[in-house]
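Single-structure report; data block below.
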Number of protein chains: 2
Amino acid sequence: MSQKKLRIRCWIELDDSKFFGPGRAELLELIVVHGSVSKASKAMGMSYKKAWEMVNDLNNRSPEAFVVLQKGGQKGGSAMLTDFGRMFLKKYRELDEKIKSIATEGEHLLDRL
Amino acid sequence: MSQKKLRIRCWIELDDSKFFGPGRAELLELIVVHGSVSKASKAMGMSYKKAWEMVNDLNNRSPEAFVVLQKGGQKGGSAMLTDFGRMFLKKYRELDEKIKSIATEGEHLLDRL
DNA sequence: AAGCGATATGTATATTTGGAAATATCGCTT
DNA sequence: AAGCGATATTTCCAAATATACATATCGCTT
C-alpha cells in the first residue's frame with residue numbers, strides 16, 4: 001500500500017496574492033490562547049518576524065482589522081483578536097470542514113495517489 | 001465599494017508538501033492544448049525550468065504518471081497527458097467548482113473583505 | 001551523417017524570503 | 001522620574017528560490 005499522507009486545503013486570495021490559509025488560521029488560534037504574537041509564534045515554531053508580518057498583512061489588506069496589537073504596558077504588550085477576526089476564523093474553519101467532507105465522500109480524486 | 005478581486009482555491013498535499021494546485025492544473029491544461037511543455041510554459045508566462053520541474057515532480061511522486069514526455073523525433077519532442085492525468089485534472093476542477101459554490105452560498109466568509 | 005526542433009540538465013545571477021539581533025514602546029513598580 | 005519587563009517594530013545580513021542563460025541530448029528528416 002501507498003501509506004501516503006494526503007490532505008486537501010484551501011486558501012483565500014485577495015488581488016491575486018495569498019491572504020488567508022491554514023498557517024494564518026493556526027496563528028490566530030494561538031494568539032487567542034496566548035494573548036501575544038510572540039508566544040503564539042513560539043508555540044507554532046515560527047519566527048516572530050514572520051508571525052508579525054502575517055498579522056500586519058491581515059490588518060493592512062482587510063477593511064476591518066483582525067488583531068489589535070498593544071505595545072508597552074504592564075506585560076510589555078499584547079495581542080487579541082477583534083470580533084471580526086474571530087468571526088472570520090470561525091467561518092474559515094467551517095469551510096475547511098465542508099471541504100474535508102467533500103473530499104472523502106465516495107470515489108474521489110485522491111483514490112489513486 | 002471595495003473592488004477587490006477575491007478567490008478561493010484549493011491544493012492537495014502529499015506527505016506534507018504541496019503536490020497539486022491551481023498552477024499545475026493550468027499547466028496541464030496548456031500541455032493538452034499545445035502538446036509540449038515548452039509552449040505551455042510560454043503560454044502561461046512561466047519559465048521552462050519551473051514547468052519542467054512541476055511535470056517531473058508530478059510524475060515522480062505519483063504512482064501513475066501524469067504526462068508522457070518524448071524527446072527528439074519529428075517535432076523535436078512532445079508532451080501529452082496520460083489517461084490518469086486527464087482524469088485527475090477533471091476531478092480537481094470539479095472539486096474546485098464545488099468549493100467555489102460552497103463559499104458563495106448564502107452569507108459567507110468573503111462578504112466583508 | 002548533418003541539421004533541426006524540442007526536451008533535458010546545469011550554471012550563474014538576480015530576487016525573494018527568513019531569521020537573528022538591535023531598537024522602540026509603555027504601564028507598572030520602586 | 002528612573003528603571004524594569006515583556007512585547008511590538010525595524011534593521012541587517014544569510015540563505016533559500018526563482019529567473020535567465022548556456023549546454024547537452026535525442027530521434028526524426030533529408
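The sequence lines fix the lettering, A, B, ..., with proteins before strands; numbering per chain opens at 1.
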Note to self: Is it the case that the side chains of B/R61 and B/S17 hold a donor-acceptor pair, with the cut-off being a distance below 3.5 Å and no angle test?
What the structure shows: yes
Notebook entry, point to check: Counting any heavy atom closer than 4.0 Å, what does B/A79 reach on the DNA or RNA strands: base, sugar-phosphate only, or nothing?
Noted result: nothing
Note to self: Using a strict threshold of under 4.0 Å (side-chain N to carboxylate O), is an ion pair present between B/E13 and B/K18?
What the structure shows: no
Notebook entry, point to check: Tell me: CG of A/D57 to P of C/dG18, nearest whole Å?
Noted result: 13 Å
Checklist line | Watson-Crick or G-U wobble partner of D/dC28, both distances under 3.5 Å | finding: C/dG3
N/O to N/O distances under 3.5 Å, protein versus nucleotides 23-25 of chain C:
{"unit_1": "C/dT25", "atom_1": "O2", "unit_2": "A/G72", "atom_2": "N", "d": "3.2"}

Checklist line | Neighbour count >12 (heavy atoms, 6.0 Å) for atom CE, B/M87 | finding: yes
Checklist line | From OH (B/Y92) to CH2 (B/W11), nearest 0.5 Å | finding: 10.0 Å
Check: Of the residues in residues 29-56 of chain B, which ones touch DNA chain D at a heavy-atom distance under 4.0 Å?
Finding: B/S47, B/K49, B/K50
Notebook entry, point to check: So, for B/A51 and B/L27, which heavy atoms are closest and what is the spacing to 0.1 Å?
Noted result: O-CD2, 3.8 Å
Item checked: Interatomic distance, A/N59 CG vs D/dA8 P [rounded to whole Å] -> 12 Å
Notebook entry, point to check: CG of B/N60 versus P of C/dT9: gap in Å, rounded?
Noted result: 10 Å
Check: Is the number of heavy atoms from other residues, nucleotides or ligands under 6.0 Å of B/M44 CE greater than 12?
Finding: yes
Check: Can you check the A/L69 CG to D/dT10 P distance for me, whole Å?
Finding: 11 Å
Note to self: Between C1' on C/dC28 and CD on A/Q70, what's the gap in Å once rounded to a whole number?
What the structure shows: 14 Å
Check: Do B/D16 and A/K5 meet the salt-bridge criterion of a basic N to acidic O distance under 4.0 Å?
Finding: yes
Next item on the list: Quickly, which of B/L58, B/L28, B/T82 forms a side chain to side chain contact (heavy atoms under 4.5 Å, CB included) with B/V67? Name it, please.
Entry: B/L28
